[in-house]
Structure formats: C-alpha cells, structure tokens
Amino acid sequence: GIQVEQSPPDLILQEGANSTLRCNFSDSVNNLQWFHQNPWGQLINLFYIPSGTKQNGRLSATTVATERYSLLYISSSQTTDSGVYFCAVVSFTDRGSTLGRLYFGRGTQLTVWP
Amino acid sequence: NAGVMQNPRHLVRRRGQEARLRCSPMKGHSHVYWYRQLPEEGLKFMVYLQKENIIDESGMPKERFSAEFPKEGPSILRIQQVVRGDSAAYFCASSQRTGLEVEQFFGPGTRLTVL
C-alpha cells in the first residue's frame, strides 16, 4: 500500500507559538485528510484537502499533490491544540483504495504548554 | 445534524467473551468503514460495508472478527472469543458515497479492554 510519513513525530510548543506539520506520501493521491486526536482519544476531522489550500480559523492546510506532500499550519497555538495530528490518504494506485480505504501516517504528537 | 455515533465508548471483556461494537453513520450516509488503532501499529483499515453488503474485508483478521450493516439499524463489529491482543480503539467512519474522492467522517471510537 501507499506509504505515509509524518514529521516531526513529536513537537513541544509554548502557547502562542506557530507550527508546521508535514505529511509526505509515496504515490499520487485522490483524497487527503487531516485529523486531530484529542487527549480523550476522539478523532476530529480537520481538513479534506486532496490539493490546494484551505483555512479554518487558526488552522490552515496546503497539499501539493504533484510533489506528494501536505502541510498543516497551526498559528497562535493553545493548550487545547495538544494531541496527535494524523494525515491519511487514498490513492487510486492502491487496489484497496479504489474502495476508499484510508492509509494513515503515524502522527505528530503535539504538546502545547501554557 | 448528528455526527457518527459509536457505542459503547468503553467496553471491558474477559478473555473468551464476545465483544459487540455499534456504529450509526451520519444521517444520509450509507457507507461505513471500520478502523482499528493498536498502540504499536497505528490506525489501520479493517472493513468497508454498504447497507446489507460487505464490500471490502481485506483488512479484517480472518478468524473471530465479523461485521455487518443491516438494512435497518447500526453497523456491528463483532469479535468472538476475545484475546488480550484485541485491546485497542475501534473507530467507525461514514461517507455519503463511495469512491476515491470522498471525505470520511469519524466517530468517537470504542475502547476495548480485554482482561
């Protein structure tokens, strides 16, 4: 299947700082989603962004499909941003993905201190 | 508009018992996916269902695991004779249609602990 690599694996910030999380993938994708897993374990949809740029409040994301990467920007971070951020993709080149199977990266663990 | 619902949120079973996990998709969604999050393996696809049909179960263990999505009612992931290695978070996702360019919406998960 398609390989999804996220970096950095861990990130520690002070409240108010900005950060950039990266997701690299090994093949062309048709679907890319960013999720936040909060400290209670819930998976929250952040962005559906197979290409282009989107913004939602302090968060924005950019996917450059031709270069096989996506970036998640968090500005003015808050303690409530803590948790694990996952990138997941669907690729038409993967047999399972023709049916919508998402492949997840291992995530970036973000800790924001007050 | 309610999101994807899963219950129970936490489930404790002893080895050898059965576990039943339920998932109600978002209103208007007829496609359901189950994923499992194991501590050392991350989030992995298990099975994809439409109403009354299993479309892709290639990610599901061959034994003890089964899934269904009946015409009426929630989707059920069933684990028979649970073992400690089944302890994990199980997530359900739903989508409005099938295909490559479709957003999946996730439920809050069920955390299964096998004693």
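Computed from heavy atoms alone, side chains included, the values below leave out hydrogens, waters and symmetry copies. Naming: A, B, ... by sequence-line order, numbering from 1 per chain. All of these numbers come straight from a predicted model, not from anything done at the bench.
The closest side-chain heavy-atom distance from A:Arg106 to A:Pro9 is not below 4.5 Å.
Figure legend: cation-pi geometry between A:Arg101 and B:Tyr48 absent, as NZ or CZ is not positioned both under 6.0 Å from the six-membered ring centre and within 45° of its axis.
Across B:Arg9, B:Arg111, B:Lys44, the residue that shares the most heavy-atom pairs under 4.5 angstrom with chain A is B:Arg111.
Contact of B:Glu41 with chain A is made through the backbone alone, with heavy-atom distances under 4.5 Å. Interface remark: B:Phe106 contributes backbone and side-chain atoms alike to the contact with chain A (heavy atom separation under 4.5 Å).
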Show me, pair by pair, the donor-acceptor contacts under 3.5 angstrom made by side chains of residues 59-72 of chain B, not counting sequence neighbours?
residue: B:Arg64; atom: NH1; partner: B:Gln80; partner atom: O; Å: 3.2
residue: B:Arg64; atom: NH1; partner: B:Gln81; partner atom: O; Å: 3.3
residue: B:Arg64; atom: NH1; partner: B:Asp86; partner atom: OD2; Å: 2.7
residue: B:Arg64; atom: NH2; partner: B:Asp86; partner atom: OD1; Å: 3.1
residue: B:Arg64; atom: NH2; partner: B:Asp86; partner atom: OD2; Å: 3.4

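Proximity of a side-chain donor or acceptor of A:Asn18 to a complementary backbone N or O of A:Ser76 within less than 3.5 Å is detected.
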